[in-house]
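Written out below as structure tokens is the structure these notes cover.
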Amino acid sequence: MEFGLCPGVTLQQLFDPSGVAVVGASDTEGKIGYEAMANAVAFDGPVYPVNPSGEGELFGREFVASVTEIDGDVDLALCCVPGPAVPDVLEECGEAGIGAAVIYASGFAEAGEDGEELQEATVAVADEHDISLLGPNTSGFIVPALDLRCSFASGAEEIPAGNIAVVAQSGGVGLVLAFQARRQGRGVSAEVGLGNRANVGFAEAIEYFDGDEKTDAIVLHVEGTDDGRRVLEACRASDTPVIAYKVGQSDVGDFAESHTGALTGDHELYTAGFAQYGAPTVDATDDLLDAAAALGNSPEPDGPNVGVVTAQAGPGIIITDRIQRAGGRLPELTAETQETIDEILPGITYADNPVDTGRPMPAFGDVVSAVAEDERVDIVLVYELFEASIGYPIETLDGLTERVGKPVLFASEGVEEDLAEERARLEAAGIPYFSTPERAADAAGALARYAKLHDDAVADGGNVAAGADADGREVSRDE
């Protein structure tokens with residue numbers, strides 16, 4: 001059950017607080033109150049352990065009996081207390097002028113009638129005091145650039161800063177995505193586990209991160225929602241690209257509802273709704289991050305036409321097949337482009353689209369430039385196996401994206417240690433990097449779908465999918 005954010009409440013105090021209070025802080029390792037405090041103290045601002053039973057210090061901070069006794073600015077309370085105690089804690093937060101809270105406890109709307117009543121009581125207190133609530137039933141959130149680790153998860157300090165905002169219905173999936181982003185060398189601007197979405201849900205998070213200067217792409221993990229129209233409207237209104245992973249193609253309704261209180265609805269109607277409102281969907285966590293890397297680090301493509309340049313035919317065939325299945329098109333290059341390529345490399349293996357050079361060579365970058373400049377091409381995808389003696393054509397690629405105003409993606413493989421420096425230089429030049437032909441092709445497909453969806457949205461004025469009613473029931477089973 002989603003209640004919606006009360007008027008006047010913003011998420012600034014949640015994601016960019018002046019100070020943090022850890023309510024229910026504990027000096028017993030393993031308890032949420034200990035782990036949350038251990039993560040929170042990294043924040044470059046005041047952090048207060050709050051517990052009427054606490055004595056002395058915890059991580060060098062003096063225990064405080066109540067948030068009402070804190071002598072200093074605090075915007076955010078991390079509630080490490082059992083569910084039944086949450087309304088009373090929020091009442092004290094309201095008295096102390098704290099405008100945001102994270103509720104880790106479960107046993108709310110996902111747990112049946114009694115839990116729903118507890119969640120309603122919790123939201124009523126939040127509404128009275130204009131408090132934005134993340135959760136309940138969440139692992140919290142992380143903003144790496146601020147060292148703001150409002151989660152009890154182990155390893156939160158290892159998640160690097162990046163430009164992708166991860167907004168997940170499940171805190172567990174949110175952390176999966178954050179750690180995957182770390183492994184991929186990307187990082188996140190934020191990782192947020194929404195949980196039960198008491199009054200901070202998908203729409204509120206999209207609206208906030210759309211205005212966040214650290215965020216260039218927003219990814220959603222969606223189990224279900226009973227506020228589908230508002231979520232879709234937020235996707236359409238966002239200037240920042242939004243990509244969604246809607247789980248539940250098979251029947252997981254009861255399991256999902258017991259997890260975060262999700263109403264899963266019809267999977268095809270969800271994906272149609274996202275498409276109608278300009279948000280491409282994917283079917284895997286890796287695909288979600290790859291699509292975000294492509295959209296977040298590239299100009300918005302004008303169309304779905306992909307020009308492929310490959311130094312090896314086999315990977316090029318995989319890419320060609322995969323792009324077309326992922327929603328992209330491979331147009332025939334203009335005669336002028338083909339003539340230019342033939343002048344650069346006479347007798348080239350294949351001079352149409354895809355262009356196959358046979359192997360990397362010093363003129364490889366010039367071929368890429370020629371394809372990028374082709375008026376029929378909206379997106380460029382390059383594949384080459386790494387050869388240390390030649391390296392990547394970075395001098396040619398640096399500035400190419402800006403010059404042609406098109407996304408340029410690069411995929412390669414080789415010994416990680418050998419190509420690490422070259423990869424870093426590529427990414428510094430604004431060229432998203434992928435380690436397999438399939439992932440690069442799928443990312444190009446996501447760019448192509450994004451371009452087509454936004455063209456369609458402009459053409460039809462943003463009308464909802466056929467069969468939807470005025471209440472947005474295309475993505476809701478029970479409202």
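For clarity, every value in this text was computed on a predicted model and none was experimentally measured.
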Does Arg197 form a salt bridge (charged side-chain N to carboxylate O under 4.0 Å, His left out) with Glu223? I'd like the steps, not just the answer.
CA-CA 12 Å; Arg197 309 165 319 284; Glu223 292 171 356; over 6 Å; no
So Asp290 and Arg186, salt bridge (charged side-chain N to carboxylate O under 4.0 Å, His left out) or not? Walk me through it.
CA-CA 10 Å; Asp290 286 344; Arg186 289 171 176 159; 2.7 Å; yes
Could you walk me through whether Leu220 and Ile206 pass side chain to side chain contact (heavy atoms under 4.5 Å, CB included), step by step?
CA-CA 9 Å; Leu220 308 180; Ile206 292 167; 3.9 Å; yes
Applying side-chain hydrogen bond (donor to acceptor under 3.5 Å, both in side chains), run through Glu427 and Asn297 and close with a yes or a no.
CA-CA 9 Å; Glu427 292 178 334; Asn297 294 302; over 6 Å; no
Lys214 vs Phe209, test: side chain to side chain contact (heavy atoms under 4.5 Å, CB included). Steps then yes/no.
CA-CA 8 Å; Lys214 300 186 297 296; Phe209 289 111; over 6 Å; no
Using side chain to side chain contact (heavy atoms under 4.5 Å, CB included), reason through Glu207 and Arg230 one step at a time and then give a plain yes or no.
CA-CA 11 Å; Glu207 290 163 4; Arg230 184 143 184 264; 3.7 Å; yes
Quick one: do Leu426 and Ile431 satisfy side chain to side chain contact (heavy atoms under 4.5 Å, CB included)? Show the steps, please.
CA-CA 5 Å; Leu426 270 177; Ile431 308 292; 4.1 Å; yes
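Here the CG-CZ distance, from Leu14 to Phe141, works out to 4.5 Å after rounding to the nearest 0.5 Å. In this structure, the separation between CD1 on Ile344 and CG on Asp366 is 5.0 Å, given to the nearest 0.5 Å. Atom CG of Leu232 sits about 9.5 Å away from atom CG of Asp227, to the nearest 0.5 Å. In this structure, Arg182 CZ and Ile159 CD1 are separated by 8.5 Å, a value rounded to the nearest 0.5 Å. Here the straight-line distance linking atom CD of Glu375 with atom CG of Leu333 works out to 11.0 Å at 0.5 Å rounding. Here the CG-CG distance, from Asp321 to Leu330, works out to 10.5 Å after rounding to the nearest 0.5 Å.
Side-chain contact between Asp286 and Gln184 is present, with heavy atoms from C-beta onward closer than 4.5 Å. For the pair Glu233 and Tyr277, the minimum side-chain heavy-atom distance is below 4.5 Å. Counting heavy atoms from C-beta outward, Tyr270 and Thr225 have side chains that approach closer than 4.5 Å. Pro17 places a side-chain heavy atom less than 4.5 Å from the side chain of Leu148. Inter-residue side-chain proximity for Asn305 and Arg376 is flagged as unmet; no heavy-atom pair is nearer than 4.5 Å. Side-chain contact check for Ile317 versus Thr310: every heavy-atom pair is 4.5 Å or farther apart. Contact check for Ser139 versus Phe152: side-chain heavy atoms found under the 4.5 Å cut-off. Inter-residue side-chain proximity for Val355 and Val308 is flagged as unmet; no heavy-atom pair is nearer than 4.5 Å.
Atom CD of Glu213 sits in a sparse spot, with 12 or fewer heavy atoms from other residues, nucleotides or ligands closer than 6.0 Å. Taking a 6.0 Å sphere around CD of Glu157, one finds it holds more than 12 heavy atoms contributed by other residues, nucleotides or ligands.
Proximity of a side-chain donor or acceptor of Glu35 to a complementary backbone N or O of Ser154 within less than 3.5 Å is not detected. Without hydrogens or angle criteria, Gln169 side chain to Gly224 main chain gives a donor-acceptor distance under 3.5 Å. Using a distance-only test at 3.5 Å, with no hydrogens or angles considered, a donor-acceptor pair links the side chain of Asp210 to the main chain of Asp239. Distance alone, capped at 3.5 Å, places no donor-acceptor pair between the Asn137 side chain and the Gly195 backbone. No donor-acceptor pair closer than 3.5 Å links the side chain of Asp302 to the backbone N or O of Ala451. A donor-acceptor contact shorter than 3.5 Å is absent between the side chain of Ser238 and the backbone of Ala234. Using a distance-only test at 3.5 Å, with no hydrogens or angles considered, a donor-acceptor pair links the side chain of Thr138 to the main chain of Gly193. Formation of a donor-acceptor pair under 3.5 Å by the Asn39 side chain with backbone atoms of Ser151 is found in this model. Arg449 places a side-chain N or O within donor-acceptor distance of the main-chain N or O of Ala326, the cut-off being under 3.5 Å.
Just one residue in the list Phe410, Tyr392, Phe364 forms a side-chain contact (heavy atoms from CB on, under 4.5 Å) with Leu397, and that residue is Phe410. Only one option out of Leu177, Thr281, Val282, Val219 pairs with Tyr245 in a side-chain contact (heavy atoms from CB on, under 4.5 Å); it is Val282.
Remark: Leu385 pairs with Gln312, Tyr383, Glu413 by the side chain to side chain contact (heavy atoms under 4.5 Å, CB included) rule, at least two apart or across chains. In this structure, the ring pair (Phe, Tyr, Trp, His ring centres under 6.0 Å) partners of Tyr34, at least two apart in sequence or on a different chain, are Phe59.
A pairwise comparison of heavy atoms in Asp374 and Lys406 identifies O-NZ, 2.7 Å as the closest pair. For the residue pair Tyr450 and Pro280, the shortest heavy atom distance occurs at CD1-CD, 3.7 Å. For the residue pair Ile243 and Leu288, the shortest heavy atom distance occurs at O-CD1, 3.6 Å. Scanning both residues, Ile318 and Pro437, for their nearest heavy atoms gives CG2-CB, 4.2 Å. Considering all non-hydrogen atoms of both residues, Ala217 and Ala292 come closest at CB-O, 3.6 Å. Ser132 approaches Leu11 most closely through the heavy-atom pair CB-CD2, 4.0 Å.
Asn199 and Glu204 share no donor-acceptor pair across their side chains, judged by distance under 3.5 Å alone.
For Glu395 and Arg425, the salt-bridge test passes: some basic side-chain N is under 4.0 Å from an acidic carboxylate O.
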